[in-house]
**Q** 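Mind looking over this structure? Questions follow.
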Amino acid sequence: MSILIGLDIGGTKTHGLRAENGDPGREAFGGSANVQNVRPDEAARALGRVLAELGASDADVVVAGAGGVDTPADAEALRALIAPHAGAARIVVVHDTRLVLAAGGRSTGIAVIAGTGSAAWGTTPDGREARAGGWGHLLGDEGSGYWLGRELVRRALARLDDGLRPDALDRAVLEHCGLAGPGALIERFHAGAGRGYWAALSQVAFAAAADDDDALHLVDRAAGALADLAATVSRRLELPGPVVVGGGLARHQPLLRRRLEEAAAARGLGELRVLDRDPVHGALHLADRQ
């Protein structure tokens, strides 16, 4: 019996999947094990819990996709965290965009992550590859859940600087955060609330977009930023598509999906598909390719 463990290590959670003879079965969830977001000891504990729940000690192969895996050293560092829990398994570490493309049933094309963070990656039939974005929340992640949350905060603070009273969108932000006034957002932002906290704030923009032009404009900016990532990869590879989009933000927000489809078409990109299953399922396809 062949046993595969797939891991999708995101900015806020780790999703694990056990498959036996190619049939997906048991799943497990834990905190983020991405060392860009948490300390190595926290990452090790999160991985240990997920892998123990999946029974990874008898696995033949572990395929782990994570953001921030940009160099062989990055891959080796993650491999070292997985190895103590994976018995004699072969461990394959890739950037999480590769999980997205594989989960979409594609071996070539462009993958876009639209979740807590954002990134794009593509590969051609002759093996050329290109990436765009994926710089992390301090340098980029435009169009992501974190970015949307931060932009809502910036809007509320800009209005405060202009001497304006909180409007409906500002009040929705404050209610979500449990704060009395916009000024308190500054302290909350710098007091250590994590990326997941601010990414969750993005739901305020989607909830308000039907009635609030500024909220809709933010969603359109997010869609445009994600389409730009895909277009950058497309231009570098001379590859119009297909484009496969994964990540919780794209999967759970129909408005973003619609706006992203429009933005992609406006940039001359080909077929765009948002995954209807979790990217971790791509591990089943990647195991044989690595």
Side-chain angles (χ1 to χ4, degrees), residues 6-11 34 36 63-72 74-75 78 92-137 139-145 147 221-251 256-257 259-290:
L7 295 171
D8 180 16
I9 302 171
N34 189 318
Q36 286 192 338
V63 177
V69 177
D70 300 317
T71 67
D74 293 332
L78 180 53
V92 177
V93 176
V94 298
H95 195 275
D96 55 358
T97 46
R98 288 157 172 77
L99 290 178
V100 170
L101 196 62
R106 300 286 186 173
S107 58
T108 64
I110 300 168
V112 177
I113 295 282
T116 302
S118 65
W121 169 82
T123 183
T124 63
D126 62 0
R128 290 179 297 120
E129 299 181 5
R131 270 197 45 207
W135 301 346
H137 68 292
L139 293 174
D141 276 355
E142 289 84 358
S144 68
W147 178 89
R221 285 176 59 199
L226 295 169
D228 283 341
L229 290 176
T232 296
V233 172
S234 173
R235 183 173 62 254
R236 288 183 58 194
L237 295 179
E238 299 179 313
L239 180 72
V243 180
V244 181
V245 185
L249 198 68
R251 184 174 179 183
L256 180 64
R257 292 200 297 271
R259 297 299 196 179
L260 180 52
E261 288 170 357
E262 294 168 3
R267 288 158 177 77
L269 295 170
E271 173 197 357
L272 184 143
R273 174 192 171 194
V274 176
L275 286 179
D276 56 4
R277 61 178 179 168
D278 293 311
V280 72
H281 287 269
L284 279 69
H285 303 282
L286 285 177
D288 295 331
R289 300 180 194 165
Q290 302 294 320

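In this chain, residues are counted from 1 in sequence order.
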**Q** Roughly how far, to the nearest 0.5 Å, is OG1 of T97 from CG of L229?
**A** 11.0 Å
**Q** Can you check whether L272 reaches L260 side chain to side chain, under 4.5 Å on heavy atoms?
**A** yes
**Q** Sort and list the pairs that fulfil salt bridge (charged side-chain N to carboxylate O under 4.0 Å, His left out) and have at least one residue in residues 113-124, not counting sequence neighbours.
**A** none
**Q** So which pairs with a foot in residues 230-248 pass salt bridge (charged side-chain N to carboxylate O under 4.0 Å, His left out), sequence neighbours left out?
**A** none
**Q** Looking only at heavy atoms, which two atoms of L256 and A222 are closest? And how far apart?
**A** CD1-CB, 4.3 Å
**Q** Verify side chain to side chain contact (heavy atoms under 4.5 Å, CB included) between V92 and L286, making sure each step is shown before the conclusion.
**A** CA-CA 9 Å; V92 177; L286 285 177; 6.0 Å; no
**Q** Would you name the heavy atoms of P240 and S234 that are closest together and state the gap between them?
**A** CA-OG, 3.6 Å
**Q** Between CG of L239 and OG1 of T123, what distance do you get to the nearest 0.5 Å?
**A** 8.5 Å
**Q** Say whether, by atom type as modelled, one donor and one acceptor occur between the side chain of S144 and the main chain of T116 under 3.5 angstrom.
**A** yes
**Q** Look only at the side chain of R259 and the backbone of A223, and say whether a donor-acceptor pair between them is shorter than 3.5 Å.
**A** no
**Q** Which heavy atom of A120 sits nearest to which heavy atom of V112, and what is that distance?
**A** CB-CG2, 4.2 Å
**Q** Could you give the distance from NE2 (H281) to CG (D8), rounded to the nearest 0.5 Å?
**A** 10.0 Å
**Q** Return each pair, listed once, that meets side chain to side chain donor-acceptor pair (under 3.5 Å) where at least one residue sits in residues 125-137; pairs must be two or more places apart or across chains.
**A** D70-R131, R98-E129, W121-E129, T124-D126, D126-R128
**Q** What residues form a salt bridge (charged side-chain N to carboxylate O under 4.0 Å, His left out) with R221, not counting sequence neighbours?
**A** E151
**Q** For a side chain to side chain contact (heavy atoms under 4.5 Å, CB included) check, start with the C-alpha distance between V100 and V245, then their side-chain angles and the critical distance, and finish with the verdict.
**A** CA-CA 7 Å; V100 170; V245 185; 6.0 Å; no
**Q** Measure across A230 and V243 and return the closest heavy-atom pair with its distance rounded to 0.1 Å.
**A** CB-CG1, 4.4 Å
**Q** Output the distance between atom CG (L7) and atom CG (D96), rounded to the nearest 0.5 Å.
**A** 12.0 Å
**Q** Which heavy atom of G143 sits nearest a heavy atom of A225, and at what distance?
**A** N-CB, 3.9 Å
**Q** Are L78 and I9 close enough, and set up right, to give a side chain to side chain contact (heavy atoms under 4.5 Å, CB included), and what steps lead you there?
**A** CA-CA 10 Å; L78 180 53; I9 302 171; 3.9 Å; yes
**Q** Looking at G282 and A102, what are the two nearest heavy atoms and their distance?
**A** O-CB, 3.5 Å
**Q** Mind jotting down which residue pairs meet the salt bridge (charged side-chain N to carboxylate O under 4.0 Å, His left out) criterion with at least one end in residues 272-283? Sequence neighbours excluded, please.
**A** R251-D278, R273-D276
**Q** Could you pull out all residues at least two apart from R267 that satisfy salt bridge (charged side-chain N to carboxylate O under 4.0 Å, His left out)?
**A** D228
**Q** Measuring from L226:CG to R257:CZ, what's the distance to the nearest 0.5 Å?
**A** 13.5 Å
**Q** Is the backbone N or O of S118 less than 3.5 Å from a side-chain atom of D141, with the two atoms forming a donor-acceptor pair by type?
**A** yes
